[in-house]
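A quick note: this is a predicted structure, and the numbers were derived from the prediction, not measured. Throughout, residue positions are numbered sequentially from 1 according to the sequence presented.
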Amino acid sequence: MTTIDLTPLYRSTIGFDRFGSLLNAALGAEKPASGGYPPYNIEVVGENQYAITLAVAGFTRNDIDIQVEHGVLTIRGKQDSDDREHNYLHQGIANRAFERKFTLADHVEVTGAELSNGLLKLNLVKEVPEAMKPRKIEIGGDSDTVLEHKSGKAA
């Protein structure tokens with residue numbers, strides 16, 4: 001397993017503690033048991049707008065569960081078992097259950113999902129609250145003020 005020392009990062013940043021744990025989790029993550037199923041795309045569709053598209057052929061709206069909890073988007077698919085007996089010559093269509101997880105950045109919200117032609121598309125938007133946007137800080141006081149040390153001498 002690869003180890004990265006994030007100490008220099010912590011010397012000059014405040015509040016990025018979660019970043020270190022995310023990086024360590026990403027580096028230490030094992031390949032999912034689903035082996036890359038279902039395939040997906042992540043797309044930037046506009047400023048602060050994203051889309052995740054999963055190929056979920058054969059699944060219906062009722063077969064898919066989408067949840068967001070603690071900044072993790074989880075998409076699960078499970079079809080009801082087909083009790084019919086099949087005699088396949090070739091079976092290349094995967095009808096197995098799946099689970100995909102995506103870690104969302106702060107202030108990223110899922111705004112909707114649609115299923116069409118075997119593709120599940122989730123729309124996401126990053127909305128930074130007004131309190132988090134840059135703002136100018138005015139410096140108060142008289143510009144001719146003389147600073148004094150505790151000894152009482154002028155600086």
Residues pairing under salt bridge (charged side-chain N to carboxylate O under 4.0 Å, His left out) where one sits in residues 50-79, two or more places apart or in two chains, turn out to be D65-R76, R76-E99

Inter- and intrachain pairs under salt bridge (charged side-chain N to carboxylate O under 4.0 Å, His left out), touching residues 107-125, at least two apart: none

[X] and [Y]: which non-hydrogen atoms are nearest, and at how many Å?
X: P38; Y: A55; value: CB-O, 3.1 Å
X: T111; Y: L124; value: OG1-N, 4.2 Å
X: I64; Y: F59; value: CD1-CB, 4.0 Å
X: D106; Y: K126; value: O-CE, 3.8 Å

Strictly distance-based, threshold 3.5 Å: is any side-chain N or O of R100 a donor or acceptor partner for the main-chain N or O of L73? no

Verify, without hydrogens or angle tests, whether T53 (side chain) and N41 (backbone) share a donor-acceptor contact under 3.5 angstrom. no

Report yes or no: do [X] and [Y] belong to one cluster of Ile/Leu/Val/Met/Phe/Trp/Tyr joined by side chain heavy-atom distances under 4.5 Å?
X: V110; Y: V108; result: yes
X: I52; Y: I66; result: yes
X: I42; Y: L54; result: yes

Please name all residues satisfying side-chain contact (heavy atoms from CB on, under 4.5 Å) with P129, sequence neighbours left out, ordered by chain then number. H107, M132

Any side-chain heavy-atom pair of I75 and L122 under 4.5 Å: yes

Aromatic plane relationship, Y37 with F98 - under 30° parallel, 30 to 60° tilted, over 60° perpendicular: perpendicular

Tell me, please, which residues at least two apart from E47 pass salt bridge (Lys or Arg N to Asp or Glu O under 4.0 Å). none

With sequence neighbours excluded, tell me which residues meet ring-ring contact (aromatic ring centres under 6.0 Å, His included) with F102. Y40

